[in-house]
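Here the structure is laid out as structure tokens; the discussion comes afterwards.
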Amino acid sequence: MRGARPGIGSQHARIASDPDWFRIALWGASAAALGAAFASRGAVDVLAAARRTVGPFFTLTVVLLAASLAWRVGLFRRLERLVPERHGSLAAAAGVLALTAVLSAGANLDVAVVVAIPLALRVAAVHALDPGWTCAAVACTANATSFLLPTSNVTTLLVLHRAPLGTTAFLAHSWLPWVLVTATTATILSLVLARLGPPARVRSPVGGGPRAGAVGDLIPMFLTATAIRALLGVGLRLAGPFAAQVVTASMLAAGANNLPAAAAVHATSPAGAWAAVLGTAIGPNLVLTGSVATVISRRIARDGGVRMSAGRFSLLGAAMVPVQLALAALGLGLAGVLH
């Protein structure tokens, strides 16, 4: 693959050394939320919420550290061979997004982004794709396709833990919505990436993969999730028509982060459980902080010298989330879940 051109390395170093205002805002928001939780609920409730929240974040920390090590020893680089090299930017973009979807669904959402974002940076450099938009498309695809299996997303496990929807029924109904969402998302975003082409000021991304430093972004996310979970108390019961339930779950996940949202919502029916699953998987595509996986994607992209803009990601999400939720609902309707 092509290496970076002379002078590019200093540009990447400048990006990496620039003040990370997003990260500063993340820490500020976590401090404010934690302060509000202590003032409103007290130390006992906040510490109890922290104990209930720490498990998923510990798992994500292990995933990040393991992925960083695996990348350094070259374990993931063989996956690059799965991306078409001789058929242009459209095929390359489609290959990256298809691989992202398969990893997100078959393995885990967070595994998908720590593998696919470094690959996306390298493919963008070779095929003259905009690296910032490519990373945003990968994160959007990973989130939206993370509901095929209960283990695809930690949020699904949290929802199903206290929902009237068994694993067998979930697996029987998940595949058709997943196929519709995956095929449409990969097709639309591949066409968009190929049409956009390279940015006006071309910068070849630095290679490299996930770094252990990305774990640092999990700390303010954990503190914010703990605070929100403490503030929500007994949680939020989803009620009303399916559309209203899925919109509520999506807004909660986008605004409060998907992990505390999944832990807080209470579904009273199988359709309600699906509304919570889809809302906490797809809804986070509206905001960069809606999913821990998206924040991880941004950190890996930044470490590679690429800015993954919060505004761009929200713009992409605003266009894609209604389509993704509508297709998922169509699949569930065809599967007989929605009557």
Which atom names give the shortest non-hydrogen contact between Leu121 and Pro131, and what distance separates them?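 For Leu121 versus Pro131, the nearest heavy atoms are CD2-CB, 4.4 Å.
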
Write down the atom of Ser250, the atom of Gly279, and the distance for their closest heavy-atom approach.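 What the structure gives for the nearest pair is OG-CA, 3.4 Å.
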
Could Asp130 and Arg312 be called an ion pair, given the rule that one side-chain N must be under 4.0 Å from one carboxylate O? yes

Please check this pair: side chain of [X] against backbone of [Y], looking for a donor-acceptor N/O pair closer than 3.5 Å.
{"X": "Thr280", "Y": "Val277", "result": "yes"}
{"X": "Thr185", "Y": "Thr141", "result": "no"}
{"X": "His173", "Y": "Ala169", "result": "yes"}
{"X": "Gln245", "Y": "Gly240", "result": "yes"}
{"X": "Thr184", "Y": "Val181", "result": "no"}
{"X": "Trp178", "Y": "Thr145", "result": "yes"}
{"X": "Ser146", "Y": "Asn143", "result": "yes"}
{"X": "Asn285", "Y": "Cys140", "result": "yes"}
{"X": "Ser40", "Y": "Ala36", "result": "no"}

Note, [X] side chain near [Y] side chain (heavy atom, < 4.5 Å):
{"X": "Phe242", "Y": "Leu332", "value": "yes"}
{"X": "Asn108", "Y": "Thr151", "value": "no"}
{"X": "Leu189", "Y": "Met320", "value": "yes"}
{"X": "Thr294", "Y": "Met308", "value": "yes"}
{"X": "Phe313", "Y": "Leu286", "value": "no"}
{"X": "Pro270", "Y": "Pro164", "value": "yes"}
{"X": "Pro150", "Y": "Leu171", "value": "yes"}
{"X": "Leu231", "Y": "Arg41", "value": "yes"}

Val265 vs Leu252, test: side chain to side chain contact (heavy atoms under 4.5 Å, CB included). Steps then yes/no. CA-CA 9 Å; Val265 295; Leu252 183 61; 3.7 Å; yes

Which label fits Phe147 and Trp274: parallel for a plane angle under 30°, tilted from 30 to 60°, or perpendicular past 60°?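 If you compare the ring of Phe147 with that of Trp274, the planes turn out perpendicular.
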
Applying side chain to side chain contact (heavy atoms under 4.5 Å, CB included), run through Leu109 and Leu103 and close with a yes or a no. CA-CA 7 Å; Leu109 165 63; Leu103 287 173; over 6 Å; no

Do Phe222 and Leu259 pass the side chain to side chain contact (heavy atoms under 4.5 Å, CB included) test, and can you show the C-alpha distance, the side-chain angles, and the key distance before you say yes or no? CA-CA 9 Å; Phe222 165 71; Leu259 285 177; over 6 Å; no

Test side chain to side chain contact (heavy atoms under 4.5 Å, CB included) on Thr224 and Asn257; report intermediate values, then the result. CA-CA 8 Å; Thr224 302; Asn257 184 259; 5.9 Å; no

Pick one: which of Ile117, Val295, Val138 meets side chain to side chain contact (heavy atoms under 4.5 Å, CB included) with Ile300?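 Going through Ile117, Val295, Val138 one by one, the side chain to side chain contact (heavy atoms under 4.5 Å, CB included) with Ile300 is satisfied by Ile117 alone.
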
